[in-house]
Amino acid sequence: MGQGHANSKPEEVDESMVLVGSEEDFKKSKRIKATVNDREVVIFYHEGKYHALDLRCYHSGGPLHLGEIEDCNGQTCIICPWHKYTIALGTGEGLYQGKDPENPTAKKWYSKGVKQRVHKVTIRNGGVYVTLSDTSIRYDSDYYASEKFDEKTCVK
Ligand code: FES
């Protein structure tokens with residue numbers, strides 16, 4: 001047991017949590033690429049929040065760590081640098097703009113559902129940890145996180 005009050009519990013780190021950097025690192029760099037249990041992920045630190053996702057875009061494997069962050073109808077999104085797909089950082093949903101049937105001259109945001117796998121981020125004692133999400137549910141980005149994906153053969 002650690003030191004401290006009888007009622008205070010030390011903050012625990014379980015074996016599913018992989019250290020990807022310190023809070024200081026993220027304050028400086030805002031985004032970090034990491035390999036967590038053989039899976040490439042990117043962790044963004046944006047407006048005080050952490051978001052971890054599969055690094056390779058669900059569309060065709062684009063490198064999301066090189067994308068721009070934008071606000072899309074109130075959701076923080078990453079724009080893939082290859083074909084500009086829009087992915088919500090908080091949920092992994094693929095978002096797109098289409099016609100608004102109620103207002104034909106305006107556009108409206110729609111969701112394609114969750115396409116990009118997101119992972120859990122935990123802060124412990126100044127360290128930033130990622131826990132991979134449950135892979136029993138499949139998402140489109142899983143293909144590009146597997147060894148089947150070869151960046152040299154894909155269309156950019
Ligand atoms: Fe990301 Fe095509 S690879 S938009």
Side-chain angles (χ1 to χ4, degrees), residues 15-124 127-156:
E15 73 260 8
S16 71
M17 296 161 62
V18 174
L19 184 67
V20 293
S22 69
E23 286 183 283
E24 281 308 307
D25 295 334
F26 278 91
K27 278 178 192 151
K28 277 187 217 132
S29 65
K30 310 289 188 206
R31 55 182 73 184
I32 288 178
K33 265 176 25 164
T35 303
V36 175
N37 299 340
D38 294 332
R39 193 173 187 107
E40 279 189 301
V41 297
V42 54
I43 307 93
F44 295 99
Y45 177 68
H46 182 73
E47 295 180 344
K49 287 191 184 149
Y50 290 90
H51 305 278
L53 301 92
D54 280 349
L55 182 126
R56 294 282 169 183
C57 173
Y58 75 89
H59 172 228
S60 199
L64 293 183
H65 64 293
L66 301 178
E68 297 287 330
I69 292 179
E70 285 182 11
D71 180 277
C72 304
N73 201 27
Q75 293 200 75
T76 306
C77 293
I78 185 78
I79 312 299
C80 178
W82 281 4
H83 316 103
K84 309 296 178 200
Y85 275 32
T86 300
I87 300 166
L89 285 181
T91 61
E93 282 172 275
L95 303 180
Y96 67 99
Q97 281 189 299
K99 279 190 184 154
D100 182 349
E102 285 159 24
N103 181 359
T105 58
K107 287 205 167 178
K108 188 177 168 185
W109 282 98
Y110 294 93
S111 172
K112 302 179 197 173
V114 177
K115 297 290 187 180
Q116 192 75 19
R117 182 179 292 283
V118 296
H119 304 284
K120 184 177 164 199
V121 180
T122 310
I123 310 301
R124 285 285 182 275
V128 179
Y129 294 81
V130 169
T131 303
L132 294 183
S133 62
D134 174 9
T135 51
S136 64
I137 302 162
R138 303 283 303 165
Y139 294 109
D140 289 4
S141 65
D142 289 341
Y143 174 81
Y144 300 99
S146 73
E147 68 274 359
K148 291 179 210 139
F149 172 61
D150 179 358
E151 185 176 346
K152 290 180 227 95
T153 62
C154 62
V155 181
K156 292 178 192 161

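Order of listing sets the numbers, starting from 1, for every ligand and every atom in it. Bear in mind the structure is a predicted one, so any value in this text is a computation, not a measurement.
The proximity of Y85 to ligand 1, defined as any non-hydrogen pair under 4.0 Å, involves the side chain as well as the backbone. Using a 4.0 Å cut-off between heavy atoms, S60 contacts ligand 1 through both its backbone and its side chain.
Near C57, meaning under 4.0 Å from any of its heavy atoms, are these atoms of ligand 1: 1 (Fe), 3 (S), 4 (S). Close contacts of ligand 1 with C80, meaning ligand atoms under 4.0 Å from a residue heavy atom, involve 1 (Fe), 3 (S), 4 (S). Distances below 4.0 Å separate heavy atoms of G62 from the following atoms of ligand 1: 3 (S). Listed by number with element, the atoms of ligand 1 under 4.0 angstrom from any heavy atom of W82 are 3 (S).
D140 has no carboxylate O lying under 4.0 Å from a charged side-chain N of R56, or vice versa, which leaves the two without a salt bridge.
Aromatic pair Y58/Y144: ring centres not closer than 6.0 Å. Under the 6.0 Å cut-off for aromatic ring centres, H51 and F44 do not qualify, their centroids lying 6.0 Å or more apart.
There is no side-chain donor-acceptor pair under 3.5 Å between R117 and S141.
Between atom 2 (Fe) of ligand 1 and H59 there is an N/O/S contact shorter than 2.8 Å. Within the 2.8 Å limit, H83 places at least one N, O or S atom next to atom 2 (Fe) of ligand 1.
The two residues Y50 and V121 have their closest heavy-atom pair at CB-CG1, 3.6 Å.
Cation-pi geometry between K112 and Y85 is met: the NZ or CZ atom falls under 6.0 Å from the ring centre, inside 45° of the normal.
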